[in-house]
Engineer: 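Just dropping this structure here.
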Amino acid sequence: QVQLAESGGGLVQAGGSLRLSCAVSGSIFSRNAMGWFRQTPGTQRELVAAISSTGGTTTYTPSVKGRFTISRDNTKNTVYLEMNSLKPEDTAVYYCRRNSGRGFLTSNWDYWGQGTQVTVSS
C-alpha cells in the first residue's frame, strides 16, 4: 500500500522559512514524479511545484518561483519543499502527491498525503 506522510509545517512570520518533507513508502519511489499542492478553504488545490522521477526537471507556479525549491532524495524515498521569503498568502494546507508517471506533464496524480498546515503571519 502506497503511503505519503508530510511533515514540517507550522507557524512562521512573514519573511521566514520552512522546509516540508514527504516520506513515501510502499512503492519504488524513483519511478514516479512528485508534486506539492496547497489548498485554502473554498479553493481548489493548486500545484505549487513538481519534480520528475530523477529530479532533473522541476516546475513551479509563478507565485513561488525564486522563493520555493523542490528537491528529492531517492535514497531516502523523500521529497522536500524548501520555502523561503514566506508571505501570508502562502498560508494553506500543503499536500504531497505522487504522479503515476516519471514526468509531471500529465495530471495523473494518484496518491495523496494527509497534508500539513503552513501558516504565515504578517
Side-chain angles (χ1 to χ4, degrees):
Q1 181 180 358
V2 179
Q3 293 185 321
L4 287 70
E6 301 98 336
S7 61
L11 173 64
V12 64
Q13 288 189 332
S17 299
L18 283 174
R19 188 194 198 202
L20 305 183
S21 300
C22 174
V24 180
S25 60
S27 69
I28 301 175
F29 181 69
S30 61
R31 291 183 177 177
N32 299 96
M34 298 294 299
W36 285 97
F37 289 68
R38 64 187 178 188
Q39 186 174 26
T40 55
T43 68
Q44 290 189 331
R45 289 182 184 179
E46 170 193 29
L47 175 63
V48 176
I51 188 167
S52 62
S53 60
T54 64
T57 305
T58 58
T59 190
Y60 299 90
T61 192
S63 64
V64 308
K65 277 184 180 179
R67 300 189 297 121
F68 291 11
T69 302
I70 189 171
S71 62
R72 64 190 295 158
D73 186 338
N74 285 352
T75 67
K76 296 182 178 180
N77 289 4
T78 302
V79 61
Y80 305 97
L81 185 67
E82 185 77 33
M83 305 186 294
N84 299 313
S85 302
L86 282 161
K87 304 175 181 180
E89 51 263 43
D90 294 318
T91 295
V93 178
Y94 283 72
Y95 296 90
C96 171
R97 295 189 78 175
R98 191 192 83 160
N99 195 289
S100 62
R102 293 184 181 273
F104 46 75
L105 294 182
T106 59
S107 298
N108 295 329
W109 303 99
D110 55 4
Y111 288 95
W112 293 89
Q114 292 297 311
T116 185
Q117 176 70 46
V118 171
T119 303
V120 184
S121 63
S122 58

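Note that these values count all heavy atoms, side chains included, but never hydrogens, waters or copies made by symmetry. Just so we're clear, the structure is a prediction, and the values are computed from it rather than from any experiment.
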Engineer: To check you understand the geometry: which heavy-atom pair defines the closest contact between Ser17 and Ser85, and what is its length?
Structural biologist: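 Nearest heavy atoms, Ser17 then Ser85: OG-N, 4.4 Å.
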Engineer: Could you check Leu4 against Tyr95 for side-chain contact (heavy atoms from CB on, under 4.5 Å), going step by step and ending with a plain yes or no?
Structural biologist: CA-CA 9 Å; Leu4 287 70; Tyr95 296 90; over 6 Å; no
Engineer: Within this structure, what is the OG-CG distance for the pair Ser100 and Asn108, rounded to the nearest 0.5 Å?
Structural biologist: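 Spacing of OG (Ser100) from CG (Asn108) equals 4.0 Å.
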Engineer: Which atom pair, heavy atoms only, marks the closest approach of Pro88 to Ala14?
Structural biologist: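 Heavy atoms of Pro88 and Ala14 come nearest at CD-CB, 4.1 Å.
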Engineer: Under the side-chain contact (heavy atoms from CB on, under 4.5 Å) rule, what do Arg38 and Leu81 come out as? Steps first, then yes or no, please.
Structural biologist: CA-CA 12 Å; Arg38 64 187 178 188; Leu81 185 67; over 6 Å; no
Engineer: For Ser53, run the side-chain contact (heavy atoms from CB on, under 4.5 Å) check against Arg31, Met34, Arg102 and tell me which one passes.
Structural biologist: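 Checked Arg31, Met34, Arg102 against Ser53; only one passes side-chain contact (heavy atoms from CB on, under 4.5 Å): Arg102.
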Engineer: Looking at Ser27 and Val24, what are the two nearest heavy atoms and their distance?
Structural biologist: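 Nearest pair, atom of Ser27 first, then Val24: OG-CG1, 3.8 Å.
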Engineer: Do you know which two heavy atoms are closest between Asn74 and Ser30, and how far apart they sit?
Structural biologist: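 Minimum heavy-atom contact is ND2-CB, 3.6 Å.
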Engineer: Measuring from atom CG of Asn99 to atom CD1 of Ile51, what distance do you get when rounded to the nearest 0.5 angstrom?
Structural biologist: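 Taking CG in Asn99 and CD1 in Ile51, the distance rounds to 13.0 Å.
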Engineer: Indicate if Val12 and Phe68 have the same hydrophobic cluster label, given that clusters are the connected sets of ILVMFWY residues with side-chain heavy-atom separations under 4.5 angstrom.
Structural biologist: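 Per the 4.5 Å side-chain linkage, Val12 and Phe68 are co-clustered.
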Engineer: Can you tell me how far the CG atom of Asn32 sits from the CZ atom of Phe104, to the nearest 0.5 Å?
Structural biologist: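 Rounded to the nearest 0.5 Å, the CG-CZ separation comes out at 13.5 Å.
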Engineer: Would you say the side chain of Gln13 lies within less than 4.5 Å of the side chain of Leu86, judging by non-hydrogen atoms?
Structural biologist: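 Side chain of Leu86 against side chain of Gln13, heavy atoms only: no contact under 4.5 Å found.
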Engineer: Please examine the side chains of Met83 and Leu20, heavy atoms only from C-beta on, and report whether any two atoms are closer than 4.5 Å.
Structural biologist: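 Heavy-atom side-chain distance check passes, below 4.5 Å.
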Engineer: For Glu6, is there any backbone N or O sitting under 3.5 Å from a side-chain donor or acceptor partner on Gln114?
Structural biologist: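 Between the backbone of Glu6 and the side chain of Gln114 there is no qualifying donor-acceptor contact (under 3.5 Å).
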Engineer: What closest approach, in Å, do Val120 and Asp90 show between heavy atoms, and which atom pair accounts for it?
Structural biologist: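 Closest approach of Val120 to Asp90, heavy atoms only: CG2-CB, 4.3 Å.
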Engineer: To the nearest 0.5 Å, how far apart are OG1 in Thr57 and CD1 in Ile70?
Structural biologist: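 These two atoms lie 11.5 Å from each other.
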Engineer: Report yes if the distance between the aromatic ring centroids of Tyr94 and Trp36 is under 6.0 Å, otherwise no.
Structural biologist: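 They do not qualify: ring centres at least 6.0 Å apart.
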Engineer: So for atom CD, which belongs to Gln39, do other residues, nucleotides or ligands contribute more than 12 heavy atoms lying within a distance under 6.0 Å?
Structural biologist: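 Yes - once you tally the heavy atoms of other residues, nucleotides and ligands closer than 6.0 Å, there are more than 12.
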Engineer: Can you measure from CZ (Arg19) to OG (Ser7) and round to the nearest 0.5 angstrom?
Structural biologist: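 Arg19 atom CZ to Ser7 atom OG measures 9.5 Å (nearest 0.5 Å).
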Engineer: Examine Tyr60 and Val79 and state if one hydrophobic cluster contains both, with Ile, Leu, Val, Met, Phe, Trp and Tyr joined whenever side-chain heavy atoms are less than 4.5 Å apart.
Structural biologist: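 Yes.
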Engineer: Between Tyr80 and Leu47, is there a shared hydrophobic cluster once you connect ILVMFWY residues whose side-chain heavy atoms come closer than 4.5 Å?
Structural biologist: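 No.
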Engineer: For the atom pair OG (Ser21) and CD (Glu82), what is the distance rounded to the nearest 0.5 Å?
Structural biologist: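 With rounding to 0.5 Å, OG (Ser21) is 9.0 Å from CD (Glu82).
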Engineer: What's the verdict on side-chain contact (heavy atoms from CB on, under 4.5 Å) for Val2 and Asp110, showing C-alpha distance, side-chain angles and the deciding distance?
Structural biologist: CA-CA 10 Å; Val2 179; Asp110 55 4; over 6 Å; no
Engineer: Taking all non-hydrogen atoms of both residues into account, name the closest pair between Asp73 and Phe29 and its distance.
Structural biologist: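 Looking at all heavy atoms of both residues, the closest pair is O-CE2, 3.9 Å.
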Engineer: Taking the cut-offs as 6.0 angstrom to the six-membered ring centre and 45 degrees off its axis, would you call Arg45 and Trp109 a cation-pi pair?
Structural biologist: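 Not flagged: Arg45 not positioned over aromatic ring of Trp109.
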